[in-house]
**Student:** 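Mind looking over this structure? Questions follow.
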Amino acid sequence: MDKYQGSRKEGGSSSSLAPQIPAKVWQPGVDKLEEGEELQCDPSAYNSLHAFHIGWPCLSFDILHDSLGLVRTEFPHTVYFMAGTQVSVVSYICLSEDVSLFKLKVTHVITAMHEAQAEKPSWNSIGIFKVSNISGKRREPVPKVETDDSGMDGEDSDSDDDSEDEDEDVAQGPSLQLRKVAHQGCINRIRSMPQNPHICAAWADTGNVQVWDLSSHLNALAETETEGVQGVAAVFTQDPLHKFKHKDEGYAIDWSLLVPGRLVSGDCDNSIYLWEPTSAGTWNVDNAPFTGHTASVEDLQWSPTEPHVLASCSVDGNIAIWDIRLGKSPAASFKAHNADVNVISWNRLASCMLASGSDDGTISIRDLRLLKVLLIDLLFVVIKADMKRAFIYGQEGDSLVAHFEYHKHPITSIEWSPHEASSLAVSSADNQLTIWDLSLEKDEEEEAEFKAKTKEQVNAPEDLPPQLLFIHQGQKDLKELHWHAQIPGMIVSTAADGFNILMPSNIQSTLPSDGAL
């Protein structure tokens, strides 16, 4: 974000006689807006930035694995989503103003039914949608400084051509195609099965966890360029594949990466339930829950390398490690934060690393290898007639390798990058989405070189962590974010005022060079 001084522009016009005041980089939590000042987004900070709505706010969503390519780097992009709505209170959202702010044009925009006078749980739905023609432009992380040499005209010509191409893409705009499946109750969290993306599990505020097969809707989206009619999309009715009733509502849910169909769900009654798939296409849910937390279970993550191991976090401030072969109690439990632990993420590229976000705004990174491991040679567990040695994870040892106190409001989502083992993204109730790179360290020589190239005074606050790579703002009440596993550098976030798709220009370490495209 840049800060400009002066009155707000009227009708998009400006006077050439007005004094030009240099833009200043906005420091959230440090700078304050004075009278007559406003924040403006700097588009050069992004390779791509778009916003859209599907009607009602969505607390949770998931990006679906598709068959369009495992590593996609060329614009325009196409992305498939599932999302769950939160229709519980009267909330009219004016979509057109926010959409025009980010220059997004969609084939149809769904307007919230603002004439509602009471709660309507039956209005909730699972949205299955495709956003195509996501435009963007590869930018240089360090802007080129203009010079008065003989090659300037040629560079300007190339730049003009690029600008014209970019303007043409923006003029066409991304396209949104949407289908809805009726759902009883608000959806607290929704997750797609990694091995079969058309299967999803949805946590409802009614206490039900339901598994759905949405293949027909995804097939319909894949086969059409435009979908439905202008205005409100039709809502389809179908039965879930399976439904399980918890004693209380909850948020925690996760599919196993290693065992197709294996699922865990955790609730506000401190309980975790294991779902095992059957050959008949249903699930057996063990009615005896895993217990060990003393307060609500907020998030769950299966190990990316061990099929029987998972992690959980809780309002009790603890993180627990479980081995489902060793009974219903945690193999280890340790104090992770001084407040509620809202979210956790297990690094799929460096499986020893576990990240967590707390209600007090802090972020912690732990190396699970530093937990003391006790090998019980005489303990064996019989699993499907195989004798296997079991490990008990001890509680001794300081596994904390990084701790950040940048955010001052609750952390609402955290996720490791699927392409960079040292990078993760975080969203917070302070309306900031931050991207971190744990491999970065303060380098005064590099900072001086950057200032020389940009001819600017870039003086970061002394208390700003050098690992903080990017700050994205502009959304209200951020709830959840996800990296796109097949499009390096793309992040999607949801908030009370809709979705953002962003690709920061300085997240390029995994992208091939221009010559390789």
Side-chain angles (χ1 to χ4, degrees), residues 28-30 59-60 188-189 203 205 248-254 264-272 290-301 310-322 330 332-347 353-368 370-371 393 395-416 424-436 438 463-465 467-468 471 473 475-481 493-496:
V30 178
L59 180 65
S60 180
N188 294 341
R189 195 160 293 173
W203 237 126
D205 63 357
D248 199 351
E249 71 170 310
Y251 298 85
I253 195 167
D254 195 39
V264 281
S265 56
D267 59 32
C268 297
D269 192 46
N270 319 342
S271 299
I272 300 170
F290 293 82
T291 56
H293 287 294
T294 59
S296 172
V297 178
E298 297 294 281
D299 203 4
L300 291 162
Q301 286 272 283
L310 66 142
S312 63
C313 67
S314 169
V315 170
D316 62 18
N318 291 337
I319 290 177
I321 307 296
W322 310 74
S333 181
F334 53 88
K335 191 71 174 179
H337 293 269
N338 294 323
D340 306 1
V341 187
N342 295 333
V343 286
I344 53 176
S345 180
W346 206 319
N347 196 322
M353 307 300 288
L354 186 71
S356 58
S358 174
D359 219 43
D360 60 9
T362 59
I363 305 164
S364 292
I365 313 297
R366 283 180 165 79
D367 186 339
L368 298 180
L370 300 181
L371 286 173
Y393 294 85
Q395 300 180 32
E396 294 86 353
D398 186 4
S399 60
L400 187 67
V401 295
H403 183 76
F404 301 107
E405 299 182 357
Y406 170 78
H407 290 285
K408 305 305 179 186
H409 292 79
I411 304 300
T412 58
S413 186
I414 190 168
E415 187 170 289
W416 290 100
L424 73 158
V426 177
S427 67
S428 169
D430 60 12
N431 299 328
Q432 296 183 64
L433 187 160
T434 54
I435 302 174
W436 303 75
L438 302 185
D463 59 348
L464 195 68
Q467 294 81 14
L468 181 56
I471 302 172
Q473 297 182 90
Q475 291 181 278
K476 298 177 182 178
D477 198 13
L478 274 161
K479 292 300 183 183
E480 194 170 278
L481 62 81
S493 57
T494 184

**Student:** Look at the side chain of Thr412 and the backbone N and O of Leu478, then say whether any donor-acceptor pair between them is shorter than 3.5 Å.
**Tutor:** yes
**Student:** What is the distance from atom OG of Ser399 to atom CG of Leu371, rounded to the nearest 0.5 Å?
**Tutor:** 4.5 Å
**Student:** Quick check: does any side chain N or O of Trp203 sit under 3.5 Å from a backbone N or O of Ala252, one acting as donor and the other as acceptor?
**Tutor:** yes
**Student:** Taking all heavy atoms of Asn270 and all of Ser296, pick out the closest pair and write down the distance.
**Tutor:**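 Answer, listing the atom of Asn270 first, then Ser296: OD1-N, 3.2 Å.
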**Student:** Which heavy-atom pair separates Trp322 from Gly292 by the least distance, and what is that distance?
**Tutor:**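 Shortest heavy-atom separation between Trp322 and Gly292 comes out as CH2-N, 3.9 Å.
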**Student:** Examine distances only and state if a side-chain atom of Ser345 and a backbone atom of Ala355 form a donor-acceptor pair shorter than 3.5 Å.
**Tutor:** no
**Student:** Applying ring-ring contact (aromatic ring centres under 6.0 Å, His included), can you list everything that pairs with Tyr251, at least two apart in sequence or on another chain?
**Tutor:**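 Once residues adjacent in sequence are excluded, Tyr251 has no partner under the ring-ring contact (aromatic ring centres under 6.0 Å, His included) criterion.
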**Student:** Determine yes or no for a side-chain-to-main-chain donor-acceptor pair under 3.5 angstrom, with Ser428 supplying the side chain and Asp430 the backbone.
**Tutor:**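 At least one qualifying donor-acceptor pair exists.
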**Student:** Step by step, would you call Asp316 with His293 a side-chain hydrogen bond (donor to acceptor under 3.5 Å, both in side chains)?
**Tutor:** CA-CA 7 Å; Asp316 62 18; His293 287 294; 3.1 Å; yes
**Student:** In sequence, state the C-alpha distance, the side-chain angles, and the governing distance for Phe334 and Ile319, and then conclude on side chain to side chain contact (heavy atoms under 4.5 Å, CB included).
**Tutor:** CA-CA 6 Å; Phe334 53 88; Ile319 290 177; 3.7 Å; yes
**Student:** Report the C-alpha separation of Asp299 and Arg189 in whole Å, then their side-chain angles, then the decisive distance to 0.1 Å, and conclude whether the salt bridge (Lys or Arg N to Asp or Glu O under 4.0 Å) test is met.
**Tutor:** CA-CA 10 Å; Asp299 203 4; Arg189 195 160 293 173; 3.3 Å; yes
**Student:** Describe, in one word, how the ring planes of Trp436 and Tyr406 are oriented to each other, choosing from parallel (under 30°), tilted (30 to 60°) and perpendicular (over 60°).
**Tutor:**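 Ring orientation, 0 to 90° scale: perpendicular.
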**Student:** Under 4.5 Å between any side-chain heavy atoms of Ser312 and Leu300, yes or no?
**Tutor:**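 Counting from C-beta outward, Ser312 and Leu300 do come under 4.5 Å.
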**Student:** Do Ile272 and Asp267 come close enough that some side-chain heavy atom pair is under 4.5 Å?
**Tutor:** no
**Student:** With heavy-atom distances below 4.5 Å as the criterion, would you say the side chains of Glu298 and Val343 are in contact?
**Tutor:** no
**Student:** Please find the pair of heavy atoms, one from Ser364 and one from Ala336, that lie closest to each other, and give the distance.
**Tutor:** OG-O, 4.1 Å
**Student:** Side-chain contact test, heavy atoms from C-beta onward, threshold under 4.5 Å: evaluate it for Leu438 versus Ile365 and give yes or no.
**Tutor:** yes
**Student:** Kindly compute the distance separating CD1 (Ile435) from CD (Gln467), expressed to the nearest 0.5 Å.
**Tutor:** 14.5 Å
**Student:** Working to the nearest 0.5 Å, report the span between CD of Gln473 and CG of Leu433.
**Tutor:**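 Gln473 CD to Leu433 CG: 10.0 Å, rounded to 0.5 Å.
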**Student:** Go through the structure and list residues passing salt bridge (Lys or Arg N to Asp or Glu O under 4.0 Å) with Asp269, not counting sequence neighbours.
**Tutor:** none
**Student:** Out of curiosity, Ile414 CD1 to Ile411 CD1, how far, rounded to the nearest 0.5 Å?
**Tutor:** 7.0 Å
**Student:** Do Arg366 and Met353 make a side-chain contact, defined as non-hydrogen atoms from C-beta onward lying under 4.5 Å apart?
**Tutor:** no
**Student:** Would you tell me whether Ser60 and Glu480 have side-chain atoms, one donor and one acceptor, within less than 3.5 Å of each other?
**Tutor:**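 Yes, because at least one side-chain N or O of Ser60 sits under 3.5 Å from a partner of the opposite role on Glu480.
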**Student:** Under the salt bridge (Lys or Arg N to Asp or Glu O under 4.0 Å) test, which residues partner Asp477, sequence neighbours left out?
**Tutor:**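 Testing Asp477 for salt bridge (Lys or Arg N to Asp or Glu O under 4.0 Å), a comparison that skips the adjacent residues, returns Lys479.
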**Student:** Report, as yes or no, whether the 6.0 Å neighbourhood of atom NZ on Lys476 holds more than 12 heavy atoms from other residues, nucleotides or ligands.
**Tutor:** no
**Student:** What do the steps show when you test Leu310 against Asp254 for side chain to side chain contact (heavy atoms under 4.5 Å, CB included), and what is the final call?
**Tutor:** CA-CA 9 Å; Leu310 66 142; Asp254 195 39; over 6 Å; no
**Student:** Between Cys313 and Ser356, is there a side-chain heavy-atom distance shorter than 4.5 Å?
**Tutor:**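 A side-chain contact is absent here, since even the closest heavy-atom pair is not under 4.5 Å.
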**Student:** Just wondering, are more than 12 heavy atoms of other shown residues or ligands nearer than 6.0 Å to CG in Asp248?
**Tutor:**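 It does: Asp248 CG has more than 12 such atoms within range.
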**Student:** Do Val426 and Ile363 have side chains that approach each other closer than 4.5 Å (heavy atoms only, starting at C-beta)?
**Tutor:**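 Sidechains of Ile363 and Val426: in contact.
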**Student:** Rounded to the nearest 0.5 Å, how far does CD of Gln301 lie from CD1 of Ile253?
**Tutor:**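 Reported to 0.5 Å precision, the distance equals 12.0 Å.
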**Student:** Give, for atom CD of Glu415 and atom CG of Asn347, the distance between the pair rounded to the nearest 0.5 Å.
**Tutor:**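 Nearest 0.5 Å value for the CD-CG distance: 10.5 Å.
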**Student:** With Ala311, which residues qualify under side-chain contact (heavy atoms from CB on, under 4.5 Å), at least two apart?
**Tutor:**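 Per chain and number, Ala311 pairs via side-chain contact (heavy atoms from CB on, under 4.5 Å) with Ile321, Ile344, Trp346, Leu354.
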**Student:** Tell me if a side-chain donor or acceptor on Ser413 pairs with a main-chain N or O of Leu481 at a distance below 3.5 Å.
**Tutor:** yes
**Student:** In chain order, what residues pass the side-chain contact (heavy atoms from CB on, under 4.5 Å) check against Thr291, with sequence neighbours excluded?
**Tutor:** Ser271, Pro289
**Student:** Walk me through it: do Gln475 and Asn431 pass the test side chain to side chain contact (heavy atoms under 4.5 Å, CB included)?
**Tutor:** CA-CA 6 Å; Gln475 291 181 278; Asn431 299 328; over 6 Å; no
**Student:** Are His403 and Thr362 close enough that some pair of their side-chain heavy atoms sits under 4.5 Å apart?
**Tutor:**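 Heavy-atom side-chain distance check passes, below 4.5 Å.
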**Student:** Checking Asp340 side chain against Asp359 main chain: does a donor-acceptor pair fall under 3.5 Å?
**Tutor:** no
**Student:** As a quick check of understanding, evaluate side chain to side chain contact (heavy atoms under 4.5 Å, CB included) for Leu370 and Val401, giving each step before the final call.
**Tutor:** CA-CA 9 Å; Leu370 300 181; Val401 295; 4.1 Å; yes
**Student:** Which residues satisfy the ring-ring contact (aromatic ring centres under 6.0 Å, His included) test with Trp416, sequence neighbours excluded?
**Tutor:** none
